[in-house]
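Everything below concerns the one structure shown next.
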Amino acid sequence: MSAGTASSRAPSARGSRRTARRLRLPELPSHHPEPDDGGIADGQTPDGQTPDGGPQRLRLNPLTGLALAGSGAVVCLAWADWSVWLAVLAASLGAAAAGRVLGKAVAAALVVVVPFALWALAIHGLFFPEGRTVLAAFGPARVTAEGLAYAGGIVLRTAALVVVMLAFSTWVEVPVLRAALVRRGVPAQLGYVLATALGLASTVAERLERIREAQEARGLVVRQSLPGRIVAARLQVVPLVLQLVDEAGERAAALEARGQALPGRRTSYVDEPDSRAQRALRWVLAVASLAVVVSVVVPAVAGVLGGGR
């Protein structure tokens with residue numbers, strides 16, 4: 001019986017070995033030379049498109065973009081000159097166009113700048129106490145050339161600041177920025193806070209869109225009148241705040257589980273494009289920004305000290 005059993009199992013074993021030989025995959029060589037991609041960045045195609053069909057972004061280090069945006073903001077705040085503000089605004093729009101985020105940056109900037117411009121023109125354009133050249137008068141309100149110039153300067157400076165920061169925040173890839181900050185010694189908690197703050201606007205916009213679609217699917221009719229929009233906004237804000245609070249708790253638990261608060265270096269596998277020229281540019285921008293601040297602060301402090309004597 002045992003012999004019959006052994007003889008019956010032998011063909012099955014041989015058949016299994018033949019099947020394994022037929023199904024065996026060829027072994028890969030120990031080394032594959034990497035193809036020459038012609039300088040194409042990871043995740044992009046030769047025609048300048050990403051695999052999902054999106055536009056190619058500038059292959060800049062996020063810290064380089066942050067240095068450019070920061071230096072532009074410093075110049076706008078330090079120098080009260082229309083030409084400087086116009087130059088920064090034009091450079092920001094050009095950078096946004098090169099980064100394929102011009103539409104997003106302009107749309108977000110208009111939401112901030114237009115109400116501020118109306119407020120500035122109403123306050124300074126109509127009730128500017130130092131105004132001498134009266135263009136029109138409406139009772140106690142006077143439209144003066146000096147008031148319009150002052151309001152225009154405030155609006156232009158604000159627009160330059162808003163556009164330069166929004167151009168950076170809509171262009172930057174938040175995970176890459178966070179990885180770059182952590183690699184350079186920034187605490188992981190601070191890097192996460194900065195990255196979350198930059199991505200908050202897009203997160204809120206996406207959640208609002210989902211909430212609106214869900215409410216419309218359940219029969220909510222948003223009227224085009226101003227009271228109807230206010231009621232719809234109130235109905236959308238409550239679930240939005242609840243979702244953000246709930247998500248904050250979930251993120252805190254996930255970060256704690258991943259050892260976010262533990263000391264030590266962290267390894268990141270996020271690609272961070274960088275070059276020697278970009279590092280040199282960042283140092284130049286940092287030194288130039290410091291020089292601009294010194295050129296404004298030192299004379300002001302000297303004037304205060306000299307006037308106190």
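The figures that follow rest on heavy atoms only: side chains count, while hydrogens, waters and symmetry mates do not. By convention here, the first residue in the shown sequence is residue 1.
Here the shortest heavy-atom pairing between N61 and W171 reads O-CH2, 4.0 Å. Closest approach of L161 and C76 over heavy atoms only: CD2-CB, 3.7 Å. Residues A73 and M165 approach most closely at CB-SD, 4.4 Å, considering heavy atoms. Looking at every heavy atom in both residues, L156 comes nearest to W82 through CD2-CE3, 3.7 Å.
Taking the side-chain contact (heavy atoms from CB on, under 4.5 Å) definition, one finds that A108 meets it with L166, sequence neighbours left out. Considering only residues two or more places apart in sequence or on other chains, R142 meets the side-chain hydrogen bond (donor to acceptor under 3.5 Å, both in side chains) condition with none of them. For A136, the side-chain contact (heavy atoms from CB on, under 4.5 Å) partners are F138, V143, not counting sequence neighbours.
Proximity of L68 to F168: side-chain heavy atoms (C-beta onward) are nowhere separated by under 4.5 Å. Annotation: side chain of L66 is not in contact with side chain of V172 (no heavy-atom distance under 4.5 Å). For the pair T64 and L285, the minimum side-chain heavy-atom distance is 4.5 Å or more. Annotation: side chain of R183 is not in contact with side chain of L63 (no heavy-atom distance under 4.5 Å). The shortest side-chain heavy-atom distance between T144 and L126 does not fall under the 4.5 Å cut-off.
Counting only distance, with no hydrogens or angles, the side chain of R157 and the backbone of W85 share no donor-acceptor pair below 3.5 Å.
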L93 and V106: CA distance, side-chain angles, deciding distance, side chain to side chain contact (heavy atoms under 4.5 Å, CB included) verdict: CA-CA 8 Å; L93 293 175; V106 171; 4.0 Å; yes

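Other residues, nucleotides and ligands contribute at most 12 non-hydrogen atoms within 6.0 Å of the CZ atom of R210. Heavy-atom contacts from other residues, nucleotides or ligands closer than 6.0 Å to CZ of R218 number 12 or fewer.
No salt bridge links D246 with R207; every basic N to acidic carboxylate O contact stays at or beyond 4.0 Å.
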